[in-house]
Amino acid sequence: MHDARALIEMGAEAVRRLARRGYSLDLSELESLQSRRNQNIRSADELRAESKRVASEVQQTAKQGGDISKLKERARELKDQIREIDAGQEQVEEQLRDLLLSIPNLPDDAAPDGDSEEFAVEIRRVGTPPAFAFEPKDHVDLGEATGILDFARATKLSGPRFAVSRGAGAALERALATLFLDLHTRRHGYVEHAVPYLVTRKTMTGTGQLPKFEEDLFKTGVADRELFLIPTAEVPLTNLYADEIIPPTELPLALTAHTPCFRSEAGSYGRDTRGLIRQHQFAKVEIVQMVDSADADATLETMVGHAEACLKELGLAYRVVKLAAGDTGFSAQLTYDIEVWIPSQNTYREISSVSNFGTFQARRANIRTRGEDGKPKLVATLNGSGLPVGRTLAALLEQCQQQDGSIVLPESLFPYLGFRRISADGTPEA
């Protein structure tokens with residue numbers, strides 16, 4: 001969420017930057033609403049001051065035995081006028097808030113031009129995609145052939161875009177999540193959290209999921225209580241500090257959590273609807289940091305490295321790209337995508353997005369710290385996937401498959417699994 005005054009002061013610069021992400025800022029509408037808001041505040045203040053003077057005159061005149069009928073009539077008129085202005089002010093405030101909530105974050109000038117993944121700039125490639133002497137299978141066929149993934153029974157339970165893992169598959173999911181958490185807590189300095197999976201509308205609004213992306217959220221409720229299933233642990237982790245002032249000595253805050261994530265994935269289609277790539281429910285380890293705004297750029301680079309470390313531990317081939325301004329998420333200023341190699345598709349696919357939100361989310365959620373002068377100021381927030389379990393499992397199965405249908409697993413998983421190979425019939429083998 002933006003400060004209306006800041007956008008108006010930026011003027012053409014704000015219009016230019018938002019246009020890079022395909023958003024047309026109506027500066028005249030914003031200025032009109034802000035002007036009406038300010039005028040209403042001034043008028044209400046003047047009327048309240050007069051009302052206070054009239055009330056004082058009523059008391060003094062009454063003490064002196066004078067006629068107070070006209071003064072009382074004026075007092076009633078002032079109350080009616082104040083009530084009318086306040087009602088109008090509520091409408092203007094709501095219109096202004098709705099407009100500000102709909103305006104995406106200003107993209108960083110470091111983001112390349114463009115409006116799709118085609119305009120992303122490759123930063124680096126790590127590892128060599130495996131070369132197979134046979135036609136590699138996709139993770140769906142591998143998972144079903146070994147019996148460690150069951151999509152048919154998941155569909156029976158919940159409909160399409162769900163999965164059941166079993167045996168070595170379920171153990172592998174648990175091992176991946178634990179490996180990621182251990183990396184982030186023991187090596188990268190994050191504090192693990194267990195958070196609610198159901199949150200309020202205010203919480204969803206704080207990180208930018210609402211109001212824009214309501215159609216992509218699962219919602220539930222009891223009686224008049226409305227709750228949303230989290231699409232990512234970013235939502236509860238960031239909002240833990242909503243409406244708080246974090247002491248500067250506690251920054252940076254580095255938080256992580258392993259949670260299920262729930263997304264309707266409205267509008268997705270084609271190859272992504274098959275298998276584990278794009279599901280309604282999936283597990284993910286999330287990393288979040290809150291820092292002084294001056295440290296945000298450097299923290300973004302560090303967090304990309306934290307997400308990369310997970311893939312390096314598994315020996316998976318991947319690349320890092322910088323997203324174009326028009327392809328950057330609603331709340332983000334700048335985003336790096338980490339894309340893992342998927343052999344069956346002969347391409348790299350996104351497995352982690354790491355973003356710098358600047359003070360955008362902090363303003364919406366009212367998360368502050370104190371500057372050197374002791375006055376409150378907004379923190380910067382950042383987050384990234386570190387990593388999603390399902391997509392990592394898909395890449396792992398495909399990159400580590402053998403000609404006989406077995407899967408040879410990375411050595412880093414052995415302490416968590418107790419086996420190094422999944423045979424073609426799904427049997428774990430040491």
Nearest heavy-atom pair of [X] and [Y]: which atoms, and what distance?
X	Y	value
Leu314	Pro410	O-CG, 3.3 Å
Pro343	Pro130	CG-CG, 4.4 Å
Leu172	Ile422	CD2-CD1, 4.3 Å
Val320	Val304	CG1-CG1, 4.3 Å
Ile123	Tyr336	CG1-CE2, 4.0 Å
Ala163	Leu276	CB-CD2, 3.8 Å

Set of residues satisfying side-chain contact (heavy atoms from CB on, under 4.5 Å) with respect to [X], sequence neighbours excluded:
X	answer
His188	Leu183, His184, Tyr190, His306, Ala309
Ser24	none
Ala365	Asn239, Ala242, Ile367
Arg37	Gln34, Ile41, Gln89, Val92, Glu93, Leu96

Can you list every pair that meets ring-ring contact (aromatic ring centres under 6.0 Å, His included) and has a residue in residues 123-173, with sequence neighbours left out?
Phe132-Phe134, Phe162-His280
Take Val321 and Val121 through the test side chain to side chain contact (heavy atoms under 4.5 Å, CB included) and record every step on the way to the result.
CA-CA 5 Å; Val321 301; Val121 174; over 6 Å; no
Pair [X] + [Y], salt bridge at N-O below 4.0 Å:
X	Y	result
Arg274	Asp138	yes
Glu214	Arg201	yes
Arg83	Asp86	no
Asp150	Arg166	no

Ile277/Arg391 under side chain to side chain contact (heavy atoms under 4.5 Å, CB included): CA gap, chis, key distance, verdict
CA-CA 6 Å; Ile277 300 297; Arg391 290 192 183 193; 4.2 Å; yes
Leu227 vs Val199, side chain to side chain contact (heavy atoms under 4.5 Å, CB included): CA-CA, chis, key distance, verdict
CA-CA 5 Å; Leu227 291 169; Val199 297; 5.8 Å; no
side-chain hydrogen bond (donor to acceptor under 3.5 Å, both in side chains): which pairs involve residues 94-109, sequence neighbours left out?
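Every pair satisfying side-chain hydrogen bond (donor to acceptor under 3.5 Å, both in side chains) with a residue in residues 94-109: Arg16-Asp109.
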I want to check something: taking the side chain as every heavy atom from C-beta on, are [X] and [Y] in contact at a cut-off of under 4.5 Å?
X	Y	answer
Thr427	Thr146	no
Tyr23	Leu25	yes
Trp341	Asn346	yes
Asp3	Arg363	yes

Step by step, would you call Thr185 with Val191 a side chain to side chain contact (heavy atoms under 4.5 Å, CB included)?
CA-CA 6 Å; Thr185 57; Val191 177; over 6 Å; no
Which pairs, with at least one residue in [range] and sequence neighbours excluded, count as a salt bridge (charged side-chain N to carboxylate O under 4.0 Å, His left out)?
range	answer
residues 229-250	Lys202-Asp243
residues 322-340	Arg319-Glu339
residues 302-316	Arg124-Glu308, Arg187-Glu313
residues 396-415	Asp404-Arg421, Glu411-Arg420

Can you tell me if [X] and [Y] form a side-chain donor-acceptor pair at under 3.5 Å?
X	Y	value
Gln209	Thr207	yes
Thr302	Thr299	no
Arg42	Asn40	no

Looking at residues at least two apart in the chain, or sitting in another chain, which of them share a ring pair (Phe, Tyr, Trp, His ring centres under 6.0 Å) with Tyr241?
none
Which donor-acceptor pairs under 3.5 Å do the side chains of residues 377-390 make with protein atoms, sequence neighbours left out?
| unit_1 | atom_1 | unit_2 | atom_2 | d |
| --- | --- | --- | --- | --- |
| Lys377 | NZ | Asp292 | OD2 | 2.8 |
| Thr381 | OG1 | Gln361 | OE1 | 2.8 |
| Asn383 | ND2 | Glu286 | OE2 | 2.4 |

Check the surroundings of atom CD in Glu84: do more than 12 heavy atoms from other residues, nucleotides or ligands lie under 6.0 Å from it?
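No, because the 6.0 Å sphere around CD of Glu84 holds 12 heavy atoms or fewer from other groups.
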